[in-house]
Enquirer: 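My questions all concern the structure below.
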Amino acid sequence: MDNLENQKNILISFPDGKKKEFSKGIKGLEIAGNISKSLEKKSVAMKVNGEFKDLSDEINNDSKIEIVTIESEDGLEIMRHTLTAQVLAKAIKNLYPKSKLAIGPTIENGFYYDVLLEKPLSNEDLPKIEKEMKKIVQVGNKIKKSYVNKQEALKLFSEKGETYKVDIIKESKQENNFQIYFQENTNFFDLCYGPHLPNLKHVGSFKLTKVAGAYWKGDSKNEMLQRIYGTAWKNEDDLKKYLNILEEAEKRDHRKIGKKLELFHLQEEAVGSVFWHDKGWKIFLEIEAYIRKKLNAQGYKEVKTPQIIDRTLWEKSGHWTKFKENMFLAKGDDNKVLALKPMNCPGHVEIFKQGLKSYRDLPIRMAEFGSCHRNEPSGALHGIMRVRQFTQDDAHIFCTESQVTEESLKFCDLLREIYKDFGFKELKVKFSDRPKERAGTDQVWDKAEKALLKAVKEAKLKYELNPGEGAFYGPKLEFVLTDAIGRDWQCGTLQMDFVLPERLEATYIDENGQKKYPVMLHRAILGSLERWIGIIIEQYSGKFPIWLAPTQITICTITEKNCNYAKAIDKSLKDAGIRTELDNRNEKIGYKIREHSDKKVPIILVVGDKENSTESVSIRRLGNKDFEQMKFNEFIKFFRKELEIK
RNA sequence: GCCGGAUUAGCUCAGUCGGUAGAGCAACUGAUUUGUAAUCAGUGGGUCGGCGGUUCAAAUCCGUCAUCCGGCACCA
């Protein structure tokens, strides 16, 4: 009976729809070879019914099979995985025999491996490790696999002293089929969920990029391991391309550009707070004015709430318990403890509570450019992107449950419109639903999630589910945009809150004369203005569009003779509300052009004798080598029109 | 907060073996009055992040604190 069973054929179907019979127990590599020799050569793994498997794995049932080649995205991923688990790990063990391996996953563009070492690494150690890796790759060993059960696995890794692997095996729910990968002719083996390249000849170009500390299991209570990061690509060209992108990102660094363009500075005496210089502050004010205009048009009412508020309010709102460590405190009279506000919502609720509210008053959309202080951990600070004092484009919408979808929808539209104006085209949305620990009944959560989901769908936004990641008081949407060089930034948020109004006893009177708690929508589009400006500095690489540029036009004279004409032009432009500078220094025009181009001024007007006598200007735009001439009167009209287009 | 690295002129950076500092740009002065990405010459500028230690002698070696950078953890 058993024999008959074993000889039975199985039916394999391929992605192109074709089907073929094979004998039971056939291996992936044999199937690839059966299709073509070239496929066999390129193949590195397979997908069996959508699940990744090694080519050495047997297939015993009718299955859908997809052969993964080294040229595919999946192949690249497997190569990276093998590179970290088999090559980097082995290199570390060769160089540091007493090290203990933890985990080595792939990440975007590369991989890392976490290890415990006797002595922490520094960047100077990377070339040495890289060299060792190259040696291992050059040998080009085959990678083989065996299956063991839990007990065997525990024994293997206990004997080896790999305590982290032992830990992983112990915590695993599975009893059998632990995969042990090893390289032929070596004593190296490692536990891994695979799959791996069948041999190291498929490894492409790679580079170790940085070392860092990282907590075991990502928990700061655990010991710190050494994390070695690397990047890997199909070939040298792809690797170089990627390294170029990194270089480009470095050039765009908002800290560098901020200094060069004199936008802001940071200093020791005010760690985590921005000193805005006039040029940076112009950008800040321009953005604030822009948002204010948008909010006014949408029926928001702007307010301003106190900077310092007694701790009792934070206790009532629930923030004190959770966040008091991160609040800046001030001493008041009679030993009162006051806190610099870390957020605006309780303040807004207090405004809502003034006077009796009717359902007819709702929705109330309360906005504030709220300046907040949070004592962020020192290691979290980053330029102006993560600071201790920041300004939110914050607003809270107090509404009835039936208004939630419409308000959410309106918000999504506004958010998209605003992102578009800043040149962001791609938008991702994460929908975070109920977390394990939460406030409010399941019925309320059902209602809230349904309403929010309806809004995303009606807004025609693509979203991905982020299960269990909602706030404790309600589900939320997180808006992630992609910048000019493909990096993601999470900025906007929309959170539904059924808790805070109740905690702070904010009510309205409904149609039946009953007191009810309103729903509160917490929402921000830019998030923090400081961070937003950091992001757009990098998005534009310092070349701000005209409406945001701190200096929109610089007027350059050719000689002293043109000074009066230049001054007259400067005055007319300033009178028209245009941000200009006048450069009438005794310098060559090439020198001036270079300097102002370097400062990313979008338009340079050159005036010499020719322009003076014809009341015209020469217009040179940033990034253009040539220039055009225009009558000054026309130019001013033309420019104003350009300003209206964002 | 944790791990590693860094901190030298206004800016970007060099500084060997421990022998008390150097470049380019910028600034200032003078000459040049110039047509679309750097005109020439000269001058000044530093408690080498702070404090302490080792040493005849410290930018350099050691300790410590601060800040910044790369990650981790955190992010109401």
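Here is the naming used below: chain letters follow the sequence lines, and residue numbers restart at 1 for every chain.
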Enquirer: Under 6.0 Å between ring centres, would you say that holds for A/F424 and A/W532?
Expert: yes

Enquirer: Please classify the nucleic acid contact of A/K625 as base, sugar-phosphate, or nothing, using heavy-atom distances under 4.0 Å.
Expert: sugar-phosphate

Enquirer: Please report the distance, rounded to the nearest Å, between CZ in A/R585 and C1' in B/rU33.
Expert: 15 Å

Enquirer: Rounded to whole Å, please give me the gap between NZ in A/K119 and C1' in B/rC3.
Expert: 15 Å

Enquirer: Should the pair A/Y242 and A/W233 be assigned to parallel (<30°), tilted (30 to 60°) or perpendicular (>60°) ring geometry?
Expert: tilted

Enquirer: Using the P atom as the reference point in each nucleotide, state the distance between B/rC69 and B/rU12 in Å, no decimals.
Expert: 13 Å

Enquirer: Pick base, sugar-phosphate or nothing for A/I589, based on heavy-atom distances below 4.0 Å to the nucleic acid.
Expert: sugar-phosphate

Enquirer: Taking CD1 from A/I593 and P from B/rA37, how many angstroms apart are they, rounded to a whole number?
Expert: 6 Å

Enquirer: I'd like to know if the side chain of A/N466 reaches the main chain of A/E469, judged simply by a donor and an acceptor atom lying under 3.5 Å from each other, with no hydrogens or angles considered.
Expert: no

Enquirer: Give none if B/rU39 has no partner; otherwise give the nucleotide forming a Watson-Crick or G-U wobble pair with it, both distances under 3.5 Å.
Expert: B/rA31

Enquirer: How are the rings of A/F284 and A/W281 set to each other: parallel, tilted or perpendicular (split at 30° and 60°)?
Expert: parallel

Enquirer: With the threshold set at 4.0 Å, does a side-chain nitrogen-carboxylate oxygen contact exist between A/E223 and A/K100?
Expert: no

Enquirer: Just name whichever nucleotide pairs with B/rG70, Watson-Crick or G-U, keeping both distances under 3.5 Å, else none.
Expert: B/rC3

Enquirer: In whole angstrom, what separates A/K610's NZ from B/rU33's P?
Expert: 20 Å

Enquirer: Rounded to whole angstrom, note down the P distance from B/rC25 over to B/rC61.
Expert: 31 Å

Enquirer: Give the nucleotide from the list B/rG35, B/rA37, B/rG4 with an atom nearest to the side chain of A/E611.
Expert: B/rG35

Enquirer: Starting at CG of A/N562 and ending at P of B/rU36, how long is that distance when rounded to a whole Å?
Expert: 14 Å

Enquirer: Counting the atoms with a prime plus P, OP1 and OP2 as sugar-phosphate, which does A/S317 contact under 4.0 Å by heavy atoms, base, sugar-phosphate, or nothing?
Expert: nothing

Enquirer: Nearest whole Å is fine: how far is B/rA37 P from A/D583 CG?
Expert: 15 Å

Enquirer: Taking for each residue the nucleotide of RNA chain B bearing the nearest heavy atom, is the 5' side occupied by A/G590 or by A/N123?
Expert: A/N123

Enquirer: Say we look at B/rA76 and B/rU60: how far apart would their P atoms be, to the nearest angstrom?
Expert: 43 Å

Enquirer: Over all strands shown, is A/Q226 touching base, sugar-phosphate only, or nothing at heavy-atom distances under 4.0 angstrom?
Expert: sugar-phosphate

Enquirer: Indicate, with a heavy-atom threshold strictly under 4.0 Å, whether A/G608 touches base, sugar-phosphate, or nothing.
Expert: base

Enquirer: Could you check which nucleotide pairs with B/rA26 in any of the strands shown, counting Watson-Crick or G-U wobble with both distances under 3.5 Å?
Expert: none

Enquirer: Can you tell which of B/rG35, B/rA37, B/rU39 lies closest to the side chain of A/D609?
Expert: B/rG35

Enquirer: Atom pairs under 3.5 Å, N or O on each side, protein against nucleotides 62-68 of chain B: can you list them with distances?
Expert:
{"unit_1": "B/rA66", "atom_1": "O2'", "unit_2": "A/E268", "atom_2": "OE1", "d": "2.9"}

Enquirer: Centres of the A/Y473 and A/H522 rings: under 6.0 Å?
Expert: yes

Enquirer: Any chance you could list the contact pattern along nucleotides 71-76 of chain B? Use B for base contacts, S for sugar-phosphate-only contacts and - for none, protein heavy atoms under 4.0 Å, 5' to 3'.
Expert: BBBBBB

Enquirer: Is a side-chain donor or acceptor of A/R374 paired with a backbone partner of A/P342 at a separation under 3.5 angstrom?
Expert: yes

Enquirer: Determine the interatomic distance between C1' on B/rU32 and the same-named atom on B/rA38; round to the nearest Å.
Expert: 15 Å

Enquirer: Relative to the ring of A/H382, is the ring of A/H254 parallel (under 30°), tilted (30 to 60°) or perpendicular (over 60°)?
Expert: tilted

Enquirer: Would you call A/K599-A/E581 a salt bridge at under 4.0 Å N-O?
Expert: no

Enquirer: In plain terms, say whether A/E449 and A/R434 are close enough for a salt bridge, that is, a side-chain N and a carboxylate O under 4.0 Å apart.
Expert: yes

Enquirer: Does B/rU36 have OP1 or OP2 sitting under 4.0 Å from an N or O in the side chain of A/R621?
Expert: no

Enquirer: Under 4.0 angstrom, heavy atoms only, what part of the nucleic acid is A/L266 near: base, sugar-phosphate, or nothing?
Expert: nothing

Enquirer: Considering only the C1' atoms, how many Å lie between B/rC56 and B/rA14, rounded to the nearest integer?
Expert: 29 Å

Enquirer: In whole angstrom, what separates A/R594's CZ from B/rG35's C1'?
Expert: 18 Å

Enquirer: Quick one: label A/K260 by what it contacts on the DNA or RNA (base, sugar-phosphate, nothing), any heavy atom closer than 4.0 Å.
Expert: nothing

Enquirer: Separation of A/M385 atom CE from B/rG70 atom P, in whole Å?
Expert: 10 Å

Enquirer: If we take the C1' atom in both B/rA66 and B/rG52, what is their distance in whole Å?
Expert: 15 Å

Enquirer: Taking NZ, NE, NH1 and NH2 as the nitrogens, is one of them in A/R255 or A/D253 under 4.0 Å from a carboxylate oxygen of the other?
Expert: yes

Enquirer: With rounding to whole Å, what would you report as the distance between B/rA59 and B/rG46 at their C1' atoms?
Expert: 11 Å

Enquirer: Validate the cation-pi geometry between A/R80 and A/F111: distance from NZ or CZ to the six-membered ring centre under 6.0 Å, angle to the ring axis within 45°.
Expert: no

Enquirer: If I pick the P atom on B/rG63 and the same atom on B/rC13, what distance separates them, to the nearest angstrom?
Expert: 26 Å

